[in-house]
Amino acid sequence: MTAHPVYGAAGWLAVVNPGPRTRTATRELLTAAHRLARARHERRAGATGS
């Protein structure tokens with residue numbers, strides 16, 4: 001896995017050859033990204049919901 005060549009600065013990554021060797025790392029990265037996106041959404045929703 002490597003940072004995406006165009007969108008790497010935005011936190012994107014590229015899995016060039018997905019498979020058993022990258023499964024665990026990919027799942028961990030996706031879980032972390034989802035957690036961060038959800039927290040960001042909740043902060044923004046809370047800020048406008050006042």
Side-chain angles (χ1 to χ4, degrees):
M1 285 181 287
T2 183
H4 190 278
V6 177
Y7 301 108
W12 290 33
L13 61 95
V15 181
V16 178
N17 190 12
R21 288 181 34 198
T22 59
R23 182 176 294 127
T24 301
T26 302
R27 172 138 340 247
E28 289 172 359
L29 290 167
L30 286 171
T31 300
H34 181 262
R35 186 182 66 250
L36 292 169
R38 185 174 182 155
R40 187 170 47 250
H41 171 74
E42 290 172 355
R43 276 194 313 271
R44 290 177 180 170
T48 60
S50 298

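For the numbers below, each heavy atom of this structure counts, side chains included, while hydrogens, waters and symmetry mates do not.
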Checklist outcome for this item: For Arg35, the salt bridge (Lys or Arg N to Asp or Glu O under 4.0 Å) test, sequence neighbours excluded, returns none

Checklist outcome for this item: Taking every heavy atom of Val15 against every heavy atom of Thr26, the minimum-distance pair comes out as CG2-OG1, 3.9 Å

Checklist entry - Under the salt bridge (charged side-chain N to carboxylate O under 4.0 Å, His left out) rule, what pairs show up with a residue in residues 17-34, not counting sequence neighbours? => result none

Checklist entry - For Arg38, what residues pass the side-chain hydrogen bond (donor to acceptor under 3.5 Å, both in side chains) criterion, not counting sequence neighbours? => result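 Partners of Arg38 by the side-chain hydrogen bond (donor to acceptor under 3.5 Å, both in side chains) criterion, ordered by chain and then number, come out as Glu42.
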
